K.L.:
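Here it is, the structure in full.
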Amino acid sequence: MNCVRLLRDFLRQEHRRMSSMFKTPETEHELMEAARGLAGQRLGDLAKQCHRRVPTSFHQSKGWVGQLIEMMLGTDAANRSEPDFVKLGVELKTIPIDHKGRPKETTFICTASLTQMGGWAYIDSRVCKKLSRVLWVPVQADPDTEIGQRMVGNPLLWSPSMDDERVIRADWEYFANKIANGYVETISASEGEYLQMRPKGANSKSRGWGIDEDGASVKTSPKGFYLRARFTAKLLNENYAAI
DNA sequence: TATTGATCATGC
DNA sequence: GCATGATCAATA
């Protein structure tokens, strides 16, 4: 339909116009200045600044907060599998905080290749690259507070400690071994201490390629890597003064 | 009520 | 289908 196309093109132009309003930071310092500028502001106000409608629920807009903050901080990775701020090597993550000040959800890291993780080193993995430098932006997520009224918190520029990295690496290697040896189907979300692997697809009928115990290609449920809320809670506790 | 498994939107 | 951004909701 022609009008659908016109609308789509209009929305794309609008998106580009808004994106260009927010400059991509050149340094970590610039990035932090911009992020601190968002702290204390409400999602409704931020949405207004880039002419976006605030959804009444996230049922059909699950990535809305992340995309809003991305735009306001000028990320430049688009949907490539690189850190959000390509030049800085920094990944942006919004993190929903409940009324007790704890993460409400796990944090998605990246999708997983289920065909060939054997022979790879953790250092070269997408998990390692994404987690090497993360800008955490806490956002209130109390369901009793209207979305537009929810506040953005103080940003945290973070890298994993050696201890954290050891655990994450061990988790990753555990999963990598399972995948490489044909045990994709036995992976459960209950495995992994800090990392976890869970379905990541349109729905339970989604299928991607994997390998079975004989090394043959099979269709299997796509999966992604996530950080457990237990881990992100620890991370926030270590880096923010107790309330 | 915390966690696991399922699901939504969008771009290419 | 796979990558990005995540939250929803059934269940243990």
Side-chain angles (χ1 to χ4, degrees), chain A residues 4-5 7-16 18-19 43 46-47 50 52-53 55-73 75-86 90-100 102-116 125-127 129-130 134-143 145 147 150 184-210 217-234:
Chain A
V4 172
R5 191 163 165 182
L7 178 60
R8 190 198 59 195
D9 290 347
F10 170 77
L11 290 173
R12 275 188 189 157
Q13 272 178 32
E14 189 70 1
H15 187 271
R16 269 197 296 272
M18 287 304 142
S19 298
L43 295 179
L46 298 183
C50 41
R52 292 196 154 193
R53 213 186 97 258
T56 48
S57 90
F58 289 142
H59 279 95
Q60 293 176 297
S61 331
K62 295 185 180 181
W64 188 81
V65 175
Q67 285 155 2
L68 179 70
I69 303 296
E70 265 192 346
M71 175 163 289
M72 305 234 30
L73 292 180
T75 59
D76 58 352
N79 69 340
R80 288 176 289 166
S81 68
E82 297 190 55
D84 294 300
F85 299 97
V86 179
V90 174
E91 173 72 14
L92 172 66
K93 289 292 177 201
T94 57
I95 184 163
I97 304 297
D98 69 15
H99 66 102
K100 289 177 182 165
R102 294 185 311 191
K104 199 182 153 194
E105 294 286 348
T106 53
T107 302
F108 173 68
I109 306 169
C110 59
T111 49
S113 161
L114 302 180
T115 46
Q116 45 194 18
S125 69
R126 280 191 294 161
V127 171
K129 285 177 181 153
K130 291 247 178 188
V134 180
L135 178 66
W136 299 96
V137 177
V139 176
Q140 285 184 335
D142 183 337
T145 306
I147 291 175
R150 297 184 191 176
V184 190
E185 296 292 350
T186 72
I187 292 173
S188 147
S190 60
E191 298 173 294
E193 194 170 338
Y194 291 165
L195 276 187
Q196 141 188 92
M197 284 192 78
R198 302 215 308 280
K200 172 65 174 173
N203 53 54
S204 58
K205 289 167 192 138
S206 300
R207 285 294 178 270
W209 290 108
S217 287
V218 283
K219 283 289 187 180
T220 186
S221 165
K223 292 188 187 305
F225 286 103
Y226 296 78
L227 284 176
R228 291 186 179 284
R230 190 168 71 225
F231 176 73
T232 48
K234 178 174 91 74

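Note that this is a predicted model, so its numbers are computed, not measured. Within every chain, numbering begins at 1; the chains are lettered A, B, ... in the order of the sequence lines, protein sequences first and strands thereafter.
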K.L.:
Which distance, rounded to the nearest 0.5 Å, do you find between the NZ of A:Lys93 and the OG1 of A:Thr232?
P.N.:
11.5 Å
K.L.:
Would you classify A:Thr107 as touching base, sugar-phosphate or nothing, given that sugar-phosphate means primed atoms plus P, OP1 and OP2, and contacts are heavy atoms under 4.0 Å?
P.N.:
nothing
K.L.:
By nearest atom, which of the nucleotides C:dA6, B:dA9, B:dG5 is closest to the A:Gln60 side chain?
P.N.:
B:dA9
K.L.:
The side chain of A:Asn203 lies closest to which of these nucleotides: B:dG5, B:dA9, B:dT7?
P.N.:
B:dT7
K.L.:
Return yes if the base of B:dT7 and the side-chain atoms of A:Lys205 contain a donor-acceptor N/O pair under 3.5 Å, otherwise no.
P.N.:
no
K.L.:
Would you indicate what A:Glu82 reaches in the nucleic acid, counting non-hydrogen atoms under 4.0 angstrom: base, sugar-phosphate, or nothing?
P.N.:
nothing
K.L.:
Atom CZ of A:Phe108 to atom P of B:dT4: distance rounded to whole Å?
P.N.:
17 Å
K.L.:
Give the nucleotide from the list B:dG5, C:dC8, B:dA2 with an atom nearest to the side chain of A:Arg198.
P.N.:
B:dG5
K.L.:
Verify the contact: side-chain N or O of A:Ser190 to OP1 or OP2 of B:dT3, cut-off strictly under 4.0 Å; return yes or no.
P.N.:
no
K.L.:
Restricting to non-hydrogen atoms, name the atom on A:Pro199 and the atom on A:Ser221 that form the minimum distance, rounded to 0.1 Å.
P.N.:
CB-OG, 4.2 Å
K.L.:
Atom CE of A:Met72 and atom CG of A:Leu46: how far apart are they, to the nearest 0.5 Å?
P.N.:
5.0 Å
K.L.:
Tell me whether the OP1 or OP2 atom of B:dA9 has a side-chain N or O from A:His59 closer than 4.0 Å.
P.N.:
no
K.L.:
Quick check: on DNA chain B, is the nucleotide nearest A:Ile187 upstream (toward 5') of the one nearest A:Ser61, or the reverse? Name the residue that is more 5'.
P.N.:
A:Ile187
K.L.:
Measure CZ/A:Arg230 against P/B:dT3 and give the value in whole Å, please.
P.N.:
7 Å
K.L.:
Tell me: CZ of A:Arg52 to C1' of B:dA9, nearest whole Å?
P.N.:
12 Å
K.L.:
Assign A:Pro222 to base, sugar-phosphate, or nothing according to its heavy-atom contacts below 4.0 angstrom with the strands shown.
P.N.:
nothing
K.L.:
Pick from A:Ser113, A:Ser217, A:Pro222: which one makes a side chain to side chain contact (heavy atoms under 4.5 Å, CB included) with A:Trp209?
P.N.:
A:Ser217
K.L.:
Of all the choices, B:dT4, B:dG5, C:dT7, which nucleotide is nearest to the side chain of A:Pro199 once you look at every atom?
P.N.:
B:dG5
K.L.:
Please state how far atom CG in A:Asp98 lies from atom P in B:dT1, giving the value in whole angstrom units.
P.N.:
11 Å
K.L.:
Pick base, sugar-phosphate or nothing for A:Ala229, based on heavy-atom distances below 4.0 Å to the nucleic acid.
P.N.:
nothing
K.L.:
Quick check: any donor-acceptor pair below 3.5 Å linking the side-chain of A:Lys223 to the base of B:dG5?
P.N.:
no
K.L.:
Could you state the interatomic distance from CD1 (A:Ile95) to CZ (A:Arg102), rounded to the nearest 0.5 Å?
P.N.:
12.5 Å
K.L.:
Side-chain N or O of A:Thr106 less than 4.0 angstrom from OP1 or OP2 on B:dT3?
P.N.:
no
K.L.:
Report the nucleotide, chosen from B:dT4, C:dA3, C:dC8, that has the shortest atom-to-atom distance to any side-chain atom of A:Gln196.
P.N.:
B:dT4
K.L.:
B:dA6 C1' sits how many Å from A:Met197 CE, rounded?
P.N.:
16 Å
K.L.:
If you pin A:Ile95 and A:Thr111 to their nearest nucleotides in DNA chain C, which one's is more 5'?
P.N.:
A:Thr111
K.L.:
Taking CZ from A:Phe58 and C1' from C:dT7, how many angstroms apart are they, rounded to a whole number?
P.N.:
8 Å
K.L.:
Quick check: closest heavy atoms across A:Gln196 and A:Thr106, and the distance to 0.1 Å?
P.N.:
OE1-CG2, 3.5 Å
K.L.:
If I take atom NZ in residue A:Lys219 and atom C1' in nucleotide C:dC2, what distance separates them, rounded to the nearest angstrom?
P.N.:
11 Å
K.L.:
So, OP1 or OP2 of C:dG5: does either fall under 4.0 Å of a side-chain N or O from A:Lys93?
P.N.:
yes
K.L.:
Report the nucleotide, chosen from B:dT4, C:dC8, C:dT4, that has the shortest atom-to-atom distance to any side-chain atom of A:Cys110.
P.N.:
C:dT4
K.L.:
Between A:Trp209 and A:Tyr226, who's closer to the 5' end of DNA chain C by nearest nucleotide?
P.N.:
A:Trp209
K.L.:
Would you kindly give the CG-to-C1' distance between A:Asp142 and C:dT7, to the nearest whole Å?
P.N.:
15 Å
K.L.:
If you check the A:Lys130 side chain, which of C:dT4, B:dG5, C:dC8 turns out closest?
P.N.:
C:dT4
K.L.:
Side-chain donor or acceptor of A:Lys104 under 3.5 Å from a matching atom on the base of C:dT7?
P.N.:
no
